[in-house]
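Below: one structure, written as structure tokens.
What you see is a predicted model, and the numbers here were worked out from it, not measured in a lab.
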Amino acid sequence: MTQEPTSLLPVWARATTRRPKTTRRHPHHGAHAAAMEEEGANHRPAASSSSSGGGFLSGFCAAALRRKPITAHATHAASGEGLVRQLGVFELVLLGIGASIGAGIFVVTGTVARDAGPGVTISFVLAGAACVLNALCYAELASRFPAVVGGAYLYTYAAFNELTAFLVFTQLMLDYHIGAASIARSLASYFVQFLELIPFLKGHIPTWIGHGEEFFSGVVSVNILAPVLLIILTAILCYGVKESSAVNTFMTILKIVIVIVVVFAGVFEVDISNWSPFMPNGFKAVVTGATVVFFAYVGFDAVANSAEEAKKPQRDLPIGILGSLLACVLLYVAVCLVITGMVPYTLLGEDAPLAEAFAAKGLKFVTVLISIGAVAGLTTTLLVGLYVQSRLYLGLGRDGLLPLTFAKVHPTRHTPLHSQIWVGCVAAVLAGLFNVHELSHILSVGTLTGYSVVSACVITLRWNDKTTSCHSLGSMSIWQEGVLCLVIIALCGFVAGLCYRFSYATAFMIIALLIAVAAGFALQFRQVYVDPPGFSCPGVPIVPMVSVFFNMLLFAQVCMTQLLRYICLFFL
């Protein structure tokens, strides 16, 4: 794939700096730079070439539209300045499961079941199906770029440009910061409920410790325990990846065992009449529920961000991504079927649906296990979320898009200490002072958009413009034509989703689908694709195109209020 060299300075510092003509270069360096420049010229937009009199704006645009050579930071680990490869395939699979199982089962299930009914199972299946397509794309890119941290941000930087990559990073950070604060408050609440199982503590723990107490008409909601838990987890992550991986492994295995025990205990209490009607509010509520539970599968994104710490990244990362996702799908579906079969969906609580379902059947001992599993599950979800955030900040710090302090790695602990502390502080402030549960429903918005961009990256990074025999259309290059087709597919998916959501005429959905198919044909037959090294996503460009279309179809199901909240937070 052709890639364009990029400066490691921030975009605002790259305006019109020019090398004097008298500067001498090493001959090999000059030849390499010339080759990179010639190779990048095929994909460079016309606006990026500034004239001699170009000012700040032209320089800014040229910098923002550059793409990143993947070898830029490959020497960090070898020089002792980077992270250490200590994670095997088993740890990577558990890393993905640890990030996923917890929020979906212990927090969101009851909320979605109130609208979707037993059909919440289908919601998890739909979201899982979309994530399998995305996971195949992530697996290829993680195998292709095994030496550098950055995940979706890195892939977008290599495939598109710096500006798009920074916007993807902003979306992911918004999701992760809100998600970490929301899960921390849920973890604090579960932890207090677990402590209240002790008779002399029941009813004697103040609400401001773990459940949150509101002040100033609900503007501030004080929770003391959530920041304390975040500080403890941040300290573990700062100490070392080996130690934090050991904590995640232990608690994830404990969580999986408890979930399996709960499923087997609940099977004998299922009343199949509770599954009728299976979709009381129709299939639309199920599809809308899929957008809410989508973020419960973001574990494979965490695996992709551990590229610089995996022992054999080209082999282990695809296994970790796909293996953890498939395991999560099976566990989610099993739990949803059991809890909706045990108790009518109208009686499921929103805060602790699993525990309340078994309490209604008088299975107190299972309730204790569920409380332990909830604490373990939310702990691993929070731990991995904080881990991923610090690696993303590390990647941007290395690229000069954030202050250099974020790029520093501790010389003995081999962890991004400053990035990790910053992430923990942001989450602690949000969790300790604000009730972010209302914002947890917008998490799927940024995630769906980010995953769509990653799927598009697989297609663009496979293009080989130098071997194509197709002529460009007017002033538009073949690369730009392909990007336009990807945008059309995304818009068609969004339009089809809106037509379905608001019950517009079926003809509009068919038209949108036909336009997407036409754009897909253009991508298939007007582009030349090359096979990447390592794991290869099957069916390119069809699988990534379907992934983009399906992601945007789910995106259209998000409530307008949630979308407006997300847009406001994104620009703030």
Side-chain angles (χ1 to χ4, degrees), residues 1 3-8 10-11 64 66-77 81-85 87 92 95 99 134 137-176 241 298-310 313-314 317-318 320-321 384-404 406-409 414-416 418-420 422-423 446-447 449-451 453-458 460-461 532 534:
M1 175 59 205
Q3 294 165 355
E4 188 176 342
T6 181
S7 169
L8 298 183
V11 292
R66 284 180 178 142
R67 280 176 285 158
K68 175 181 179 178
I70 301 306
T71 56
H73 298 307
T75 58
H76 277 281
E81 300 175 2
L83 307 174
V84 178
R85 299 193 179 277
L87 301 178
L92 291 173
L95 187 73
N134 289 299
C137 298
Y138 262 95
E140 174 176 318
L141 296 178
S143 177
R144 187 168 184 168
F145 307 138
V148 194
V149 296
Y153 155 77
L154 167 69
Y155 310 147
T156 309
Y157 203 165
F160 292 103
N161 53 58
E162 184 177 286
L163 180 60
T164 307
F166 188 80
L167 291 176
V168 168
F169 165 79
T170 306
Q171 287 186 133
L172 292 175
M173 283 302 99
L174 181 60
D175 285 3
Y176 276 119
V241 67
V298 298
F300 62 85
D301 181 48
V303 178
N305 279 279
S306 63
E308 201 172 313
E309 293 165 293
Q314 279 197 309
L317 289 176
I321 291 170
V384 177
L386 295 172
Y387 166 85
V388 172
Q389 291 178 65
S390 66
R391 271 56 182 176
L392 287 171
Y393 275 104
L394 173 64
L396 264 82
R398 287 175 172 177
D399 290 339
L401 299 179
L402 289 176
L404 187 61
F406 289 105
K408 293 181 180 179
V409 177
H414 297 287
T415 56
H418 297 158
S419 297
Q420 196 68 71
W422 164 257
V423 166
T447 306
T449 307
Y451 286 179
V453 174
V454 169
S455 298
C457 289
V458 172
T460 58
L461 288 172

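- For S390 (side chain) and Y387 (main-chain N/O), a donor-acceptor pair under 3.5 Å exists by modelled atom type.
- Residues L95 and V384 have side chains in contact (heavy-atom distance under 4.5 Å, counting atoms from C-beta outward).
- For the pair Y157 and F166, the minimum side-chain heavy-atom distance is 4.5 Å or more.
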Derivation of the salt bridge (charged side-chain N to carboxylate O under 4.0 Å, His left out) call for E309 and R391
CA-CA 10 Å; E309 293 165 293; R391 271 56 182 176; 2.8 Å; yes
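- Nearest approach of N305 to G151, heavy atoms of both residues: OD1-N, 3.4 Å.
- Scanning both residues, L172 and A152, for their nearest heavy atoms gives CD1-CB, 3.8 Å.
- Looking only at distances, no side-chain donor or acceptor of Q389 sits under 3.5 Å from a matching main-chain atom of V423.
- Using a 4.5 Å heavy-atom cutoff, the side chains of C457 and F160 are in contact.
- In this structure a side-chain-to-backbone donor-acceptor pair under 3.5 Å is present from R85 to A310.
- Checked by atom type and distance alone, the side chain of R144 never pairs as donor or acceptor with a backbone atom of Q314 at under 3.5 Å.
- Contact annotation: the side chain of T415 never approaches that of L83 to less than 4.5 Å [non-hydrogen atoms, C-beta and beyond].
- Between T460 and A159, the shortest heavy-atom distance links the atoms OG1-CB, 3.2 Å.
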Show your working on side-chain contact (heavy atoms from CB on, under 4.5 Å) between E140 and L461 and close with a plain yes or no.
CA-CA 11 Å; E140 174 176 318; L461 288 172; over 6 Å; no
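- Annotation for A307 and F145: closest pair CB-O, 4.1 Å, computed over non-hydrogen atoms.
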Kindly determine whether N134 and V454 satisfy side-chain contact (heavy atoms from CB on, under 4.5 Å), including the steps that lead there.
CA-CA 8 Å; N134 289 299; V454 169; over 6 Å; no
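- Annotation: side chain of H414 is not in contact with side chain of V241 (no heavy-atom distance under 4.5 Å).
- Pairing each heavy atom of P318 with each of P313, the nearest pair is CD-O, 3.8 Å.
- Side-chain contact check for D399 versus Y153: some heavy-atom pair is nearer than 4.5 Å.
- What you find for G397 and L404 is that their closest heavy atoms are O-CD1, 4.5 Å.
- In terms of modelled atom types and a separation under 3.5 Å, the side chain of S143 and the main chain of A139 share no donor-acceptor contact.
- A distance-only check finds a donor-acceptor pair linking the side chain of S419 to the backbone of F406 [under 3.5 Å].
- Among L402, L174, T156, L401, the one residue that satisfies the side-chain contact (heavy atoms from CB on, under 4.5 Å) test with F169 is L402.
- Aromatic ring pairs are classed by plane angle as parallel below 30°, tilted from 30° to 60° and perpendicular above 60°; the pair Y138 and Y155 is perpendicular.
- Counting only heavy atoms from C-beta outward, the side chains of P532 and V458 never approach each other to under 4.5 Å.
- Looking only at side-chain heavy atoms (C-beta outward), M173 and Y393 come within less than 4.5 Å of each other.
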